[in-house]
**Q** 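Supplied in structure tokens, the structure appears directly below.
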There are 2 protein chains.
Amino acid sequence: MTQTSSRLLKLLSLLQARRDWPGNELAERLEVSGRTIRRDVERLRELGYPVESLTGPAGGYRLRAGSAMPPLLLDDEEAIAIAVGLRTAARASVTGIEETAVRALVKLEQVLPAHLRRRVGALGSATFTLPMAGPTVDPQHLTAIAAASRDSECLRFGYRRRDGTDSRREVEPHSLVNLGRRWYLVAWDRGRQDWRTFRIDRMARPASTGVRFTPRRLPAKDAAAYVEQSIAGAPNRYEARVTLLAPAEEVAKRVPSHWGTIEPLDARTCEYRTGDDDLGWLALRIAMLGFDFEVQEPPELLEHLRALALRLERAAA
Amino acid sequence: MTQTSSRLLKLLSLLQARRDWPGNELAERLEVSGRTIRRDVERLRELGYPVESLTGPAGGYRLRAGSAMPPLLLDDEEAIAIAVGLRTAARASVTGIEETAVRALVKLEQVLPAHLRRRVGALGSATFTLPMAGPTVDPQHLTAIAAASRDSECLRFGYRRRDGTDSRREVEPHSLVNLGRRWYLVAWDRGRQDWRTFRIDRMARPASTGVRFTPRRLPAKDAAAYVEQSIAGAPNRYEARVTLLAPAEEVAKRVPSHWGTIEPLDARTCEYRTGDDDLGWLALRIAMLGFDFEVQEPPELLEHLRALALRLERAAA
DNA sequence: GGGATTGAGGACAGATCCTGACCTAAATAG
DNA sequence: CTATTTAGGTCAGGATCTGTCCTCAATCCC
């Protein structure tokens with residue numbers, strides 16, 4: 001039966017690689033009779049994959065989108081592209097899919113052949129995040145932590161506290177949480193015998209110890225809630241409100257909707273609101289818009305702008 | 001034997017969803033005897049998927065990375081994350097995997113269930129590209145064009161020439177090429193009866209006509225070469241060389257390696273080289289580094305910096 | 001070290017399924 | 001209208017699958 005199964009997979013793979021396939025070409029490729037191809041197509045349909053067919057000359061088979069995801073059959077290059085894409089998605093921190101991206105990445109990396117993993121690593125060193133975007137998180141850390149947490153394995157890492165002191169931790173990872181542009185791990189600290197949240201960018205060399213544990217119940221609704229309550233007060237977040245000297249429509253064309261909101265003030269100006277943890281980053285984002293503007297708040301933003309303007313002037317001198 | 005095949009797929013899916021699986025749990029889930037599970041594992045191994053097994057208590061099965069990619073079995077959320085990740089990867093224009101990312105995206109979108117496609121579209125509207133990054137390319141255009149080109153189907157679109165005049169085109173798409181931060185389509189223009197290259201960001205509503213064509217031979221080594229020769233002279237590219245007043249090591253920590261090269265000049269300064277088509281974008285990239293700097297070349301960069309500094313000063317006033 | 005747990009795999013029998021061959025029907029492009 | 005292409009019924013021989021039963025081997029824990 002491994003013959004039939006692998007042939008079905010190959011068939012699915014062919015149907016994903018090109019859209020239209022005449023039956024006899026499939027038969028040739030899979031080295032079976034046309035009748036068997038028809039039966040295989042029937043089987044795929046039974047399994048829920050919608051294979052369309054057209055009769056007549058220029059007819060053939062075609063895999064449509066169905067109601068469920070079929071298994072994806074990727075070649076090496078595509079697998080790499082997906083791995084790299086997921087890494088950037090995990091750091092995008094704009095769309096709210098970061099955690100899922102990491103989960104998918106863990107799944108993919110588990111089965112990614114070694115030679116491909118090396119290539120992904122090489123490409124991955126091309127960091128996409130902007131220099132000013134604050135502390136960056138190593139995607140390899142993310143996947144290592146997510147894998148340990150998925151498989152209920154203890155995790156060991158070095159951790160630098162807020163005050164700068166270093167320590168080594170051994171924890172039972174519960175879940176990985178993305179908030180704003182930061183990643184947190186919620187875990188039971190085995191040394192301290194209590195729940196803790198850790199910032200991933202403060203970790204050093206996280207690695208599974210291989211020791212399994214039985215998951216504990218988190219004393220909170222969910223991990224995200226736990227992180228929020230435990231960093232309450234800390235995140236010093238800034239909300240910027242600036243007036244742009246440009247029509248709202250024109251601004252809207254250039255500003256991604258998730259980067260803030262635009263409200264028209266009059267025919268020639270509009271108000272732009274956006275928030276961030278990092279003032280420097282906030283200043284740049286506004287400067288990059290390419291329009292003249294006036295800062296309404298916060299006042300701290302003005303200082304950053306002044307500093308930036310000075311630096312540019314010095315350079316342009 | 002759709003039963004055995006679908007069971008094998010389910011088994012593969014389970015093995016991808018978690019790392020360790022005891023045999024009897026698999027047997028329960030798949031509603032077969034333990035013996036059949038062992039046989040299924042054997043079958044997977046025959047198909048080339050390396051399934052490890054450990055005996056003893058706490059033993060079980062585990063899917064390792066092999067030498068070839070197994071079919072990826074994704075849940076809905078993961079499929080969305082991958083689609084979004086690939087979209088950003090297609091636009092990243094830094095790593096050299098954009099074209100593969102588009103190919104993978106075409107494959108995925110072909111089978112992406114409708115409800116998921118809607119969600120991807122909603123998320124996709126959160127444009128990630130930076131506002132200043134120049135003309136953005138709609139990923140839906142990219143996939144539409146890539147699909148037509150993969151399937152040898154004619155493509156129709158509106159095109160705005162360099163001089164601003166609009167026209168409608170019907171072409172036989174040959175391939176999609178990514179150069180720098182721009183996308184080009186190499187195609188046989190049916191109206192003009194000749195080869196042409198089109199910039200994707202100048203296209204309007206590209207769509208397959210459904211008409212099939214037989215691929216022609218391109219009069220060049222490959223599509224990338226053809227694009228390069230046909231836009232020779234046009235791309236007005238700038239190479240910047242600036243001196244940063246900061247030690248090379250410190251800069252290296254903040255600058256992604258693909259965004260330019262860093263050469264130490266002395267203990268306290270270094271030289272940063274980077275290139276781009278867009279001067280404004282170039283200026284920002286340097287300003288964002290967060291270090292004092294001096295521009296060596298090009299002179300045009302100075303003007304942009306001055307303009308930017310002025311704008312910031314006005315805002316900070 | 002001993003016992004319990006878990007995977008490995010041979011053998012068997014009955015049921016099921018697969019394949020290719022052959023044939024007819026229906027749809028479609030030119 | 002004709003050639004092409006998928007749809008699918010039927011048949012027969014061979015291959016495959018499954019569960020049961022059993023014996024081994026590796027590993028963990030007491």
**Q** With sugar-phosphate meaning primed atoms plus P, OP1 and OP2, does B:V41 contact a base, only sugar-phosphate, or nothing at under 4.0 Å between heavy atoms?
**A**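 Counting heavy atoms under 4.0 Å across all strands, no contact is made by B:V41.
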**Q** Check the distance between D:dA7's C1' and A:L26's CG and give it to me in whole angstrom.
**A**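 For the pair A:L26 CG and D:dA7 C1', the rounded distance is 16 Å.
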**Q** Do B:D201 and B:R199 meet the salt-bridge criterion of a basic N to acidic O distance under 4.0 Å?
**A**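 Yes.
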**Q** With 3.5 Å as the limit, what N/O pairs link the protein to nucleotides 21-28 of chain D?
**A**
none

**Q** Have a look at B:G34 and say if it touches a base, only the backbone sugar-phosphate, or nothing, with a 4.0 Å heavy-atom cut-off.
**A**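 The answer is nothing, as B:G34 stays clear of every strand by at least 4.0 Å.
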**Q** In whole Å, what is the span from the CD1 atom of A:I37 to the P atom of D:dA7?
**A**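 The distance from CD1 of A:I37 to P of D:dA7 comes to 12 Å, rounded to the nearest Å.
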**Q** Between B:R212 and A:D20 (salt bridge meaning N to carboxylate O under 4.0 Å), is one present in this structure?
**A**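 Yes.
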**Q** If you check the A:V32 side chain, which of C:dA8, C:dG20, D:dG19 turns out closest?
**A**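 Among C:dA8, C:dG20, D:dG19, the one nearest the side chain of A:V32 is C:dG20.
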**Q** Going from CG on B:L72 to CD1 on B:I82, what distance comes out if it is rounded to the nearest 0.5 angstrom?
**A**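 So the CG of B:L72 and the CD1 of B:I82 are separated by 6.0 Å.
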**Q** Starting at CG of A:L30 and ending at C1' of C:dT19, how long is that distance when rounded to a whole Å?
**A**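 About 14 Å, once rounded to whole Å.
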**Q** Side-chain N or O of B:S53 less than 4.0 angstrom from OP1 or OP2 on C:dG7?
**A**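 No, no such contact exists.
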**Q** Pair up each side-chain donor or acceptor in residues 214-224 of chain A with any protein partner under 3.5 Å, not counting sequence neighbours, and list the distances.
**A**
unit_1: A:R216; atom_1: NE; unit_2: A:E172; atom_2: OE1; d: 2.8
unit_1: A:R216; atom_1: NH2; unit_2: A:E172; atom_2: OE2; d: 3.4
unit_1: A:D222; atom_1: OD1; unit_2: A:A224; atom_2: N; d: 3.3
unit_1: A:D222; atom_1: OD1; unit_2: A:A225; atom_2: N; d: 2.8

**Q** Hey, are A:D151 and B:R18 close enough for a salt bridge, meaning a charged N less than 4.0 Å from a carboxylate O?
**A**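 Looking at B:R18 together with A:D151, the answer is no, because their closest N to O distance does not fall below 4.0 Å.
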**Q** Please give me every residue in residues 207-216 of chain A whose heavy atoms get under 4.0 Å of an atom in DNA chain D, ordered by residue number.
**A**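 Contacting residues: none.
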**Q** State whether B:R117 and B:E109 are salt-bridged, where the test is any N-O pair (Lys NZ or Arg NE/NH1/NH2 against Asp/Glu carboxylate O) under 4.0 Å.
**A**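 Salt bridge between B:R117 and B:E109, a charged N being under 4.0 Å from a carboxylate O: no.
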**Q** In whole Å, what is the span from the CD atom of A:E42 to the P atom of C:dC17?
**A**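 Those two atoms, CD and P, are 13 Å apart.
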**Q** Using atom CD of B:E25 as one end and atom C1' of C:dG7 as the other, report the distance to the nearest whole Å.
**A**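 My rounded result for the distance is 15 Å.
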**Q** Would you give the length of the straight line joining atom NE2 of A:H174 to atom OG of A:S152, rounded to the nearest 0.5 angstrom?
**A**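 Here the interatomic distance stands at 9.5 Å.
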**Q** Please state whether the phosphate of C:dT16, meaning OP1 or OP2, lies under 4.0 angstrom from any side-chain nitrogen or oxygen of B:T4.
**A**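 For C:dT16, OP1/OP2 do not have a side-chain N/O of B:T4 under 4.0 Å.
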**Q** Are A:R87 and A:T143 close enough, and set up right, to give a side-chain contact (heavy atoms from CB on, under 4.5 Å), and what steps lead you there?
**A** CA-CA 10 Å; A:R87 283 187 173 207; A:T143 53; over 6 Å; no
**Q** Is the shortest side-chain N/O distance from B:R39 to OP1 or OP2 of C:dA8 below 4.0 Å?
**A**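 Answer is no, no contact under 4.0 Å.
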**Q** May I ask you to decide whether B:R192 forms a salt bridge with B:E170, counting only side-chain N to carboxylate O separations under 4.0 Å?
**A**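 Answer for the salt bridge query: no.
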**Q** Classify the nucleic acid contact of A:R62 as base, sugar-phosphate or nothing, counting any heavy atom under 4.0 Å across all strands shown.
**A**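 A:R62: no heavy atom of the nucleic acid under 4.0 Å.
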**Q** Atom CD of B:E52 and atom C1' of C:dG7: how far apart are they, to the nearest Å?
**A**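 From B:E52 CD to C:dG7 C1': 14 Å.
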**Q** Should B:R43 be listed as having a side-chain N or O under 4.0 Å from OP1 or OP2 of D:dT18?
**A**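 So the side-chain polar atoms of B:R43 do come within 4.0 Å of the phosphate oxygens OP1 or OP2 of D:dT18, strictly under.
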**Q** Take atom CG of A:D20 and atom C1' of D:dT4, then tell me their distance rounded to the nearest Å.
**A**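 It is 16 Å, rounded to the nearest whole Å.
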**Q** Over how many whole Å does the gap from B:W21 atom CH2 to C:dT5 atom P extend?
**A**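 Taking CH2 of B:W21 and P of C:dT5, I get 22 Å after rounding.
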**Q** Please report the interatomic distance CZ(B:R43) to OG1(B:T36), rounded to the nearest 0.5 Å.
**A**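 Rounded to the nearest 0.5 Å, the CZ-OG1 separation comes out at 7.5 Å.
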